[in-house]
Amino acid sequence: MLVSAKEMLEKARAGKYAVGQFNINNLEWTKSILLTAQELNSPVILGVSEGAGKYMTGFKTVAAMVSAMIDELNITIPVALHLDHGTYEGCYKCIKAGFSSIMFDGSHYPIEENIAKTKELVETCNKLGLSLEVGSIGGEEDGVVGMGECADPKECKAIADLGIDFLAAGIGNIHGKYPANWQGLNFEVLENVKKEVGDMPLVLHGGTGIPADMIKKAISLGVAKINVNTECQLSFAAATREYIEAGKDLQGKGFDPRKLLAPGAEAIKATVKEKMELFGSVGKA
Ligand code: 13P
């Protein structure tokens with residue numbers, strides 16, 4: 001059964017570990033992440049961007065696939081199905097489709113409008129028992145572009161006070177691969193945000209390529225959810241490339257999609273395992 005991410009993230013913040021949000025793109029992705037989380041007895045959040053939702057033919061398909069898979073694979077760990085960087089309209093589509101958690105990214109609206117829309121979503125999500133994340137961060141993901149800006153702690157407080165469940169504050173993190181001249185996470189900003197918002201679980205987007213020591217420090221300062229997308233894509237692509245370059249698709253029935261996609265699916269499992277171990281969520285289901 002799908003659950004809201006509120007309780008798992010409050011537990012993570014109190015226990016000083018983080019739950020991974022792993023973005024999904026298709027059936028193989030979803031299956032690899034769910035099986036790894038179950039094997040490691042870790043809570044997990046499946047992230048769906050609006051682009052990935054469209055690719056999978058719509059949010060209704062995604063919700064139906066994830067719910068059925070949890071059932072058929074006998075998944076018993078807590079799983080949240082979460083809209084990643086949702087537009088206002090996208091949030092309502094996912095609520096209707098049966099998602100258990102929503103991120104509203106209203107960062108392109110003027111702050112007053114962002115606040116008004118957030119307030120309305122808080123009410124709707126509370127009524128339905130869904131968790132709500134609000135915020136924005138830099139980099140590009142499915143057309144959502146930012147530059148690694150740092151959040152204004154006072155604005156974070158204004159948003160946190162609206163009754164949201166967890167907050168994504170930019171601290172120099174960026175979606176996708178980090179550029180060679182990246183300055184690293186800004187822990188001073190993170191500490192100031194934490195001072196303003198207190199015990200609210202914080203979310204670190206752009207989890208791909210952040211060094212382990214920075215991840216651990218961020219968790220110690222209140223980060224309870226870390227989003228990973230690109231890293232699974234890179235490991236899937238590398239394993240698939242290796243299979244094809246070794247000519248394995250040309251041997252016997254190596255072209256069978258179940259064989260062709262298997263090394264990539266295994267590579268996703270290995271990446272998810274590595275991240276769950278680093279984030280400290282193993283055994284916390
Ligand atoms: P990466 O693609 O950099 O791992 O970021 C994922 C993310 O933050 C999803 O919202």
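Residue numbers count from 1 along this sequence. Predicted model, so just to flag it, every value in this text is computed and none were measured.
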With a 4.5 Å limit on heavy-atom distance, are the side chains of [X] and [Y] in contact?
X	Y	value
Pro43	Lys284	yes
Leu121	Val134	no
Ile226	Ile219	yes
Asn229	Asp84	no
Val44	Met276	yes
Cys156	Leu167	yes
Leu261	Thr240	no
Leu2	Leu46	no

Requested in this report: Report the C-alpha separation of Met214 and Phe187 in whole Å, then their side-chain angles, then the decisive distance to 0.1 Å, and conclude whether the side chain to side chain contact (heavy atoms under 4.5 Å, CB included) test is met.
Outcome: CA-CA 9 Å; Met214 287 193 201; Phe187 292 111; 4.0 Å; yes
Shortest non-hydrogen separation from [X] to [Y] and the atoms involved:
X	Y	value
Met103	Ala168	CE-CB, 4.3 Å
Ile102	Cys94	CD1-CB, 3.7 Å
Ser131	Lys6	CB-N, 3.7 Å
Val48	Phe59	CG1-CE2, 4.2 Å
Ala160	Val197	CB-CG1, 3.7 Å
Lys269	Thr36	CG-OG1, 3.3 Å

Indicate every side-chain donor-acceptor pair of residues 62-77 with a distance under 3.5 Å to a residue at least two apart or in another chain.
from  : atom 1 : to    : atom 2 : distance (Å)
Ser67 : OG     : Ala63 : O      : 3.0
Thr76 : OG1    : Gln38 : NE2    : 2.9

Checking [X] side chain against [Y] main chain: does a donor-acceptor pair fall under 3.5 Å?
X	Y	result
Glu28	Gly264	no
Ser101	His82	no
Tyr178	Gly206	yes
Lys194	Gly198	yes
Arg13	Asp199	yes
Gln21	Val19	no
Ser42	Ala37	no
Ser100	Leu81	yes
Asn173	Ile171	yes

Transitively linked via ILVMFWY side-chain contacts under 4.5 Å: [X] with [Y]?
X	Y	result
Phe255	Ile244	no
Ile268	Leu260	no
Val228	Leu234	no

Working to the nearest 0.5 angstrom, can you tell me the gap between [X] [atom1] and [Y] [atom2]?
X	Y	atom1	atom2	result
Ser32	Asn26	OG	CG	8.5 Å
Ile24	Lys31	CD1	NZ	14.5 Å
Leu278	Ile215	CG	CD1	5.5 Å
Asp161	Thr118	CG	OG1	12.5 Å
Lys259	Gln251	NZ	CD	11.0 Å
Asp105	Ser49	CG	OG	12.0 Å

Query raised in the report: Side chains of Thr271 and Ser235: do they bring a donor and an acceptor to under 3.5 Å?
Result: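 Ser235 and Thr271 do have a side-chain donor-acceptor pair below 3.5 Å.
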Query raised in the report: In terms of side-chain heavy atoms, does His205 have a donor or acceptor partner in Asn227 at a distance below 3.5 Å?
Result: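 Side-chain D/A pair, His205 to Asn227: present.
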Report task. Examine Phe236 together with Trp29 and report whether their ring centres are nearer than 6.0 Å. Result ->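 Yes, the ring centres sit under 6.0 Å apart.
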Does [X] have more than 12 heavy atoms from other residues, nucleotides or ligands lying within 6.0 Å of its [atom1]?
X	atom1	result
Tyr55	OH	no
Glu113	CD	yes
Glu188	CD	no

Requested in this report: Walk me through it: do Asn114 and Glu112 pass the test side chain to side chain donor-acceptor pair (under 3.5 Å)?
Outcome: CA-CA 5 Å; Asn114 190 354; Glu112 297 75 28; over 6 Å; no
Requested in this report: List the steps and the verdict of salt bridge (charged side-chain N to carboxylate O under 4.0 Å, His left out) for Glu133 and Lys225.
Outcome: CA-CA 10 Å; Glu133 170 182 344; Lys225 172 175 179 278; 2.6 Å; yes
Query raised in the report: Checking Lys275 against Phe22: charged group under 6.0 Å from the ring centre and within 45 degrees of the axis?
Result: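 No - Lys275 does not lie over the ring of Phe22 by the 6.0 Å and 45° rule.
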Report task. Establish, yes or no, whether the cationic atom of Lys117 lies under 6.0 Å from the six-membered ring centre of Tyr88 and within 45° of the ring axis. Result ->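 The answer is yes; both the distance and angle limits are met.
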Requested in this report: Could you give me the CA-CA distance, side-chain angles and deciding distance for Glu277 and Lys273, then say whether salt bridge (charged side-chain N to carboxylate O under 4.0 Å, His left out) is met?
Outcome: CA-CA 6 Å; Glu277 284 167 352; Lys273 181 168 190 267; 3.3 Å; yes
Query raised in the report: Given Lys217 and Asp213, is the salt bridge (charged side-chain N to carboxylate O under 4.0 Å, His left out) satisfied, shown in steps?
Result: CA-CA 6 Å; Lys217 184 153 185 199; Asp213 58 329; over 6 Å; no
Query - Full working for side chain to side chain contact (heavy atoms under 4.5 Å, CB included) between Lys11 and Tyr17 - result: CA-CA 9 Å; Lys11 264 172 76 182; Tyr17 60 93; 3.9 Å; yes
**Report entry** Lys119 with Glu123: basic N within carboxylate O range, under 4.0 Å
**Finding:**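 The answer is no: the pair does not qualify as a salt bridge.
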Query - Carboxylate-amine/guanidinium contact Glu50 Lys54, below 4.0 Å - result: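 Between Lys54 and Glu50 there is no salt bridge, as every charged N stays at least 4.0 Å from the carboxylate O atoms.
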Query - Counterpart residues, ring-ring contact (aromatic ring centres under 6.0 Å, His included), relative to Phe279 (two or more places apart) - result: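 None.
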Query - Stepwise side chain to side chain contact (heavy atoms under 4.5 Å, CB included) test for Asn25 and Thr30 - result: CA-CA 8 Å; Asn25 289 288; Thr30 313; over 6 Å; no
Requested in this report: Starting from the C-alpha separation in whole Å, work towards a yes-or-no answer on side chain to side chain contact (heavy atoms under 4.5 Å, CB included) for Leu130 and Phe99.
Outcome: CA-CA 8 Å; Leu130 310 184; Phe99 277 47; 5.9 Å; no
